[in-house]
Amino acid sequence: VQREMSSLPRVYITRQIPPEGLKILSESGQVQFDLWDSDDVPVPRKELLQKVKGVDALVCVLTEKIDAELLDAAGPNLKVLSTMSVGFDHLSLEELKKRGIRVGYTPDVLTDSVAELTVALLLTTSRRLIEATHEAKSGGWGTWRTLWLCGYELANSTVGILGLGRIGVAIAERLKPFKVKKFIYTDVAPRPELASLIDAEYVSMDELASQSDFLTVCCALTPETKDICNKDLFSKMKNTSIFINTSRGGVVDQEDLYEALSSGQIAGAGLDVTVPEPLPTSHPLFTLNNCVILPHIASASYSTRNAMSALAANNLLLGLKGQTNHLKH
Ligand code: DGY
């Protein structure tokens, strides 16, 4: 960690990010930086508000709320915010724009990792793998039974994608070899270029709900998508269908999801994201056998997290030079 005082632009990093990014910043010779030297706990808000005072640039992760309070605490030197995430719902884009702050994020580098995990979560949920290992270990494994632990298969199924972007396409590409019959998607408008890559048909939200055997959520969390997966949607889904969310917890009304899962309105759900995170262990969703919950690990491979760290560092350096690989806001 460089802590010497110099005339180089000052950067604060809100988390001990993976080594690639730190190496890029150190070796650039273009910045001096300080960081919250832990990966296990986020920087306390009070400390963060102190640390950002007067900095030229900030690297953050998705646990930090970048809002008016924080930007005011940072002051007018702040030119660049670089988040080590593809999601940007923790950023007040309006406040950043008002202050002319450039915003970098990390699309593309995590697409493969997130798509891979989404497929794993989908199969884990639909083939009831968590229940199955539990039964095997805990003495529930009696004789071979004809309908015991049966689930739903991808072959001949219709897979629905809510919000078609890079990640949705990558998920579909991976699912196709499982002999999926049809891909459908919905979004604010048709996205023919992306859809043609996976031969997906544009449908309404209602059609997505009623036709999907597997419905996977791949949209960003915005005011428009908040709670978009609610009882309206679940009530139109088949009772044999599986719901998967690896985007953001906020797109789901969790009470409605609990209701849909516990009443048998839908067959199962796999969630990598929840509200809040971590989801309290006492949360009712944890009581359901047909709900698989992961602790937000979709991009958690060593190579991807290092690539995200490197991209966040490079975005920051580019941003300080006034160049762009940046989120439009
Ligand atoms: C993101 O990048 O937004 C993910 O949620 C964490 O990789």
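Order of appearance sets the numbers: ligands from 1, and atoms from 1 within every ligand.
- If you look at Y202 and Y185, their ring centroids are closer than 6.0 Å.
- Between F214 and Y152, the ring centre distance reaches or exceeds 6.0 Å.
- Using a 4.0 Å cut-off between heavy atoms, V114 makes no contact with ligand 1 at all.
- Shown are T118, T216, D272; of these, the side-chain hydrogen bond (donor to acceptor under 3.5 Å, both in side chains) with T246 is made only by T118.
- Residues R10 and D56 are not paired through a salt bridge, judged by the lack of any N-O separation under 4.0 Å between the basic side chain and the carboxylate.
- Any N or O atom pair closer than 3.5 Å counts here, and S247 shares no such pair with ligand 1.
- The protein non-hydrogen atom at the shortest distance from atom 4 (C) of ligand 1 is H296 NE2, 3.7 Å.
- Between S85 and ligand 1, no pair of N/O atoms sits closer than 3.5 Å.
- The ligand atoms of ligand 1 that sit less than 4.0 angstrom from a heavy atom of L110 are 2 (O), 7 (O).
- Looking only at heavy atoms of the protein, atom 2 (O) of ligand 1 is closest to V86 N, 2.7 Å.
- In summary, the atoms of ligand 1 found under 4.0 Å from a heavy atom of M308, numbered by their order in the structure, are 2 (O), 7 (O).
- Counting heavy atoms closer than 4.0 Å to ligand 1, residue L62 contributes side-chain atoms (C-beta onward) but none from N, CA, C or O.
- Salt bridge E131/R128: present, at least one basic N to carboxylate O contact under 4.0 Å.
- Side-chain atoms of T274 and P276, non-hydrogen and from C-beta on, never get closer than 4.5 Å to each other.
- The shortest separation from a heavy atom of M84 to ligand 1 is not under 4.0 Å, leaving the residue out of contact.
- No N or O atom of T106 sits closer than 3.5 Å to an N or O atom of ligand 1.
- Taken to the nearest 0.5 Å, the CD atom of Q16 stands 6.5 Å off from the CG atom of L35.
- Heavy-atom proximity to S299, at under 4.0 Å, picks out these atoms of ligand 1: 6 (C), 7 (O).
- Taking any N or O of G87, backbone or side chain, at least one lies under 3.5 Å from an N or O belonging to ligand 1.
- Annotation for W148: atom CH2 counts as buried by contact number, over 12 foreign heavy atoms lying within 6.0 Å.
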